[in-house]
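Okay, so here's the structure we're looking at.
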Amino acid sequence: MAQKRILSGMRPTGKLHLGNLHGALANWVGLQNSGGYDCFYFVADWHAFTSEYNSTDAIRDNTVNMVIDWLAAGLDPGKSTLFVQSAIKEHSELFLLLSMITPLAWLERNPTYKEMKAELANKDLSTFGFLGYPVLQAADIIMYKAYGVPVGVDQLPHVELTREIARRFNFLYQEIFPVPEPLLTSVPKLLGIDGRKMSKSYENSIYISDRGENLQQKVSSMFTDPQRMRKSDAGNPEICNVFTFHKLYSAPQTTLEINENCRKAAIGCTDCKKMLATRIAGAMAPIHERMDHYLNNMEEIRNIIEEGNKKATEIARQTMEEVRAAVKI
Ligand code: TRP
Ligand code: SF4
């Protein structure tokens, strides 16, 4: 059976956290292991430049570390192609050609553009590159003639724009590109330890790499049911982030007991969190083991990336030959 190709990417803006692990990454690993897809996953380091252009020191290290996080989480270079965007120069050529046919109005009305600009108000994002972010993303996707793009809801406008750009190219020149589908999956909503959205910029994240004392400390400082002031108060697990984590990490029976005991004040938050910390540490152990393996074998990482880049390049070259013929250049 011919496998359908899927492609997705992440910007290398820093260490990945448990929100990423149970969101995008779990999804990627699941698609990889389902056997039904030819998976391409890449580090979107040029995309990182759109917001980090004035402090690019960390991008290179973040790129390598992100691949280590991916492998630790279960991506398998024997099954998936892992590569780095900036190594495949064809992306920039396709980006340039697509930028010629993308109406400005499509970019200016992109909701993600407006949101990100507002969210990152401390940065000057009034640049050509930042406005063109989705055009580069479209190039990433259609370069590999991907059938599907596994993403979170926040990326839907970008995939929608990609679809429009692909259709426009096909209409203006030649039917080269399949119009890609977004592949959405529901993900558990994990909040940071302070109860806000888990985000690197809030410094409230539990990272995939956190372990030992550090992990315990973070779990012990997690916000719980805000109404539960004393141990003798009954709690409400429904509105407790610790409980959301238990549902992911603890056995169903344990979760059931915590639910009941919390409601009748038969378990305290400190104990509840201690149990959670133990569960998370247990679940993360094999991930940390793989992480240590790769950290001690950086040569292997370099080879994996090189191999992935090679595979990606082959396809990108072929696509660009077709593209050049179609646009007659
Ligand atoms: N914009 C995506 C994000 O911020 C990253 C990305 C770049 C991407 N190119 C892509 C995702 C192509 C999917 C497909 O998460
Ligand atoms: Fe949350 Fe557990 Fe405390 Fe209940 S006992 S409020 S579930 S931390």
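Remember, predicted model here, so these are calculated numbers, not experimental data. Throughout, residue positions are numbered sequentially from 1 according to the sequence presented. Counting starts at 1 for both ligands and their atoms, in listed order.
Close contacts of ligand 1 with Ile141, meaning ligand atoms under 4.0 Å from a residue heavy atom, involve 12 (C), 14 (C). Per-residue contacts place Ala44 under 4.0 angstrom from the following atoms of ligand 1 (heavy atoms of the residue considered): 7 (C). Near Val149, meaning under 4.0 Å from any of its heavy atoms, are these atoms of ligand 1: 13 (C), 14 (C). Every atom of ligand 1 with a heavy atom of Arg11 under 4.0 Å away is listed here by number and element: 4 (O).
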Give every donor-acceptor pair under 3.5 Å between a side-chain atom in residues 267-277 and any protein atom, sequence neighbours left out.
residue: Lys273; atom: NZ; partner: Ser220; partner atom: O; Å: 3.0
residue: Lys273; atom: NZ; partner: Met222; partner atom: O; Å: 2.7

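Every residue was checked against the ring-ring contact (aromatic ring centres under 6.0 Å, His included) condition with His17, not counting sequence neighbours, and none meets it. A search for ring-ring contact (aromatic ring centres under 6.0 Å, His included) contacts involving Tyr207 returns nothing, not counting sequence neighbours.
Of the listed options Ala139, Ala138, Ala146, Gly9, Gly9 places a heavy atom closest to atom 11 (C) of ligand 1.
The protein non-hydrogen atom at the shortest distance from atom 1 (N) of ligand 1 is Tyr133 OH, 2.6 Å. The single protein non-hydrogen atom nearest to atom 9 (N) of ligand 1 is Asp140 OD2, 2.7 Å, given as residue, atom name and distance.
In this structure, Arg5 is not positioned above the aromatic face of Tyr147 in the sense of NZ or CZ being under 6.0 Å from the six-membered ring centre and within 45° of the axis.
The distance from the CG atom of Asp292 to the CD1 atom of Ile68 is 10.5 Å, given to the nearest 0.5 Å. Note that CZ of Phe42 and OG of Ser8 are 7.0 Å apart. Values are rounded to the nearest 0.5 Å.
Checked against a 3.5 angstrom limit, the closest N/O atoms of Gln137 and ligand 1 fall inside it. The shortest N or O to N or O distance between Gln155 and ligand 1 is below 3.5 Å.
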Practice item. Determine, stepwise, if the pair Thr81 / Lys311 fulfils side chain to side chain donor-acceptor pair (under 3.5 Å). Key: CA-CA 7 Å; Thr81 303; Lys311 267 185 78 181; 3.0 Å; yes
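Counting only protein atoms, the N, O or S atoms lying less than 2.8 Å from atom 3 (Fe) of ligand 2 are Cys269 SG, ordered by chain and residue number.
Heavy-atom neighbours of Lys89 NZ from other residues, nucleotides or ligands within 6.0 Å: above the threshold of 12.
Under 4.0 Å is where a charged nitrogen must lie from a carboxylate oxygen, and between Glu52 and Lys123 at least one such pair does.
Ring-plane geometry between Phe177 and Phe169 is classed as perpendicular, the angle between the planes exceeding 60 degrees on a 0 to 90 degree scale with a lower cut at 30.
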